[in-house]
Number of protein chains: 2
Amino acid sequence: MKSDSPSQESATHSPRLTRHQQAVFDGLHQQAAALSAQELYSLLRQRQAIGLATVYRALETLKLHGLIKSRMGANGEALYSPVVSDQHYLTCLQCGQSFPLDHCPIQELENHLQPSVPFKIYYHTLEFFGLCTPCADTKGT
Amino acid sequence: MKSDSPSQESATHSPRLTRHQQAVFDGLHQQAAALSAQELYSLLRQRQAIGLATVYRALETLKLHGLIKSRMGANGEALYSPVVSDQHYLTCLQCGQSFPLDHCPIQELENHLQPSVPFKIYYHTLEFFGLCTPCADTKGT
DNA sequence: AGATATAATGAGAATGATAATCATTCGCTC
DNA sequence: GAGCGAATGATTATCATTCTCATTATATCT
Ligand SMILES: [Mn+2]
Ligand SMILES: [Mn+2]
Ligand SMILES: [Zn+2]
Ligand SMILES: [Zn+2]
């Protein structure tokens, strides 16, 4: 069986995906956390032949179609995740750790905002930055 | 006159800044839009001697102190801006243009969230992605 | 002030993620 | 199955960011 494919889907009616683009898309969906292009490349490599350039190109394509989004990781590399995973984080400026929020605090807000702007919103990014408790304590020594 | 210095200040009581760190801080405040490290370097260079490494280190330091924030630019480089400028954008996935929101829609939400998490929030990032009207029209051809 | 310890700076080299090349292969239509 | 544009992949080129280390500024103490 070929089985599961997170059925490339979203608000945006995007063109058919190629086999490799679909693999990249699926790879992101199989992971809980966001992945860098390099990590995704290693992951996919274990199951099939695919070039690094193709991974980067697929990510770019998927992003243009509004199927995936990216955020800047602590080490400067881009971290990709499916748009459907509406997940946000509190990220510590000191240690770089990210703590997930238990739910999106602006889903409703987006719905209110949409009709008031001449722009078709596909998704949003939201992240809070500051100090985690351990780091905050170490601060005031 | 030496004049204006955006009086390094914020919710976070940060250590004194060095002359160059202050220059970087001021440089960002003099610009309307967010700047990349390289752009900022060129800008500062016109007025004073400063090394590229110093600019990067200053940005890192200021970021740790919660005085500035960064977002990932369209071309992959980090764009820095003062934390005090609480500005958000609608960014088009197609043409890359960013349309500023007239006000921050979650300032109040952040205040509500803060007491419920074991984390000292300095600031947040929020951005909407999708298609601007022109691009959305061109789409359904 | 002079001596000393510590942090900041800068020129340049090293790193590493991402983009560009270009020859080859794939997917489709006729 | 020939024709053709899009996709792929091995490789190289870019270029933002980090690292090294010698030099210099700043703070502290006598
Ligand atoms: Mn959300
Ligand atoms: Mn805001
Ligand atoms: Zn921390
Ligand atoms: Zn557009």
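Chain letters run A, B, ... following the sequence lines, proteins first, then strands; residues in each count from 1.
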Ring centres of B:Phe129 and A:Tyr123 under 6.0 Å apart? yes

How long is the line joining CD of A:Glu60 and P of D:dA6, in whole Å? 16 Å

Quickly work out the B:Arg16 CZ to D:dT26 C1' distance and round it to whole Å. 15 Å

How far does SG of B:Cys135 sit from NZ of A:Lys120, to the nearest 0.5 angstrom? 15.0 Å

Please set out all donor-acceptor pairs under 3.5 angstrom arising from side-chain atoms of residues 72-80 of chain B, sequence neighbours excluded.
| from | atom 1 | to | atom 2 | distance (Å) |
| --- | --- | --- | --- | --- |
| B:Asn75 | ND2 | B:Glu77 | OE2 | 2.6 |

All heavy atoms of A:Leu62 vs all of A:Gln21, minimum pair found to be CD1-O, 3.9 Å

Rounded to the nearest angstrom, tell me the gap between atom CZ in B:Arg19 and atom P in D:dT24. 14 Å

Please report the interatomic distance OG(A:Ser98) to CG(A:Leu90), rounded to the nearest 0.5 Å. 8.5 Å

Determine whether the aromatic ring centres of A:His124 and B:His88 lie less than 6.0 Å apart. no

Atom CD1 of B:Ile50 and atom P of D:dT23: how far apart are they, to the nearest Å? 21 Å

What is the distance, to the nearest angstrom, from the CD atom on B:Glu39 to the P atom on D:dC15? 14 Å

Looking at B:Tyr56, I'd like to know whether one of its side-chain N or O atoms comes within less than 4.0 Å of OP1 or OP2 on D:dT17. yes

Between which nucleotides of DNA chain C, read 5' to 3', does contact with chain B run, using atoms under 4.0 Å from its heavy atoms? C:dA8 to C:dA11

Rounded to the nearest Å, what distance is computed from the CG atom of residue A:Leu64 to the C1' atom of nucleotide D:dA7? 16 Å

Atom-pair distance (CD on B:Gln38; P on D:dT18), nearest Å: 11 Å

Other residues, nucleotides, ligands: >12 heavy atoms within 6.0 Å of B:Gln48 CD: yes

Closest to the 5' end of DNA chain C, once B:Thr18 and B:Asn75 are matched to their nearest nucleotides, is B:Thr18

Relative to the 5' end of DNA chain D, which residue comes earlier, B:Glu77 or A:Arg45, by the nucleotide with the nearest heavy atom? A:Arg45

As a test of reading the structure: which of D:dG9, D:dA10, D:dT17 is closest to the side chain of A:Thr54, going by heavy atoms? D:dG9

A:His20 has an atom NE2; how far is it from atom P of D:dA10, in whole Å? 10 Å

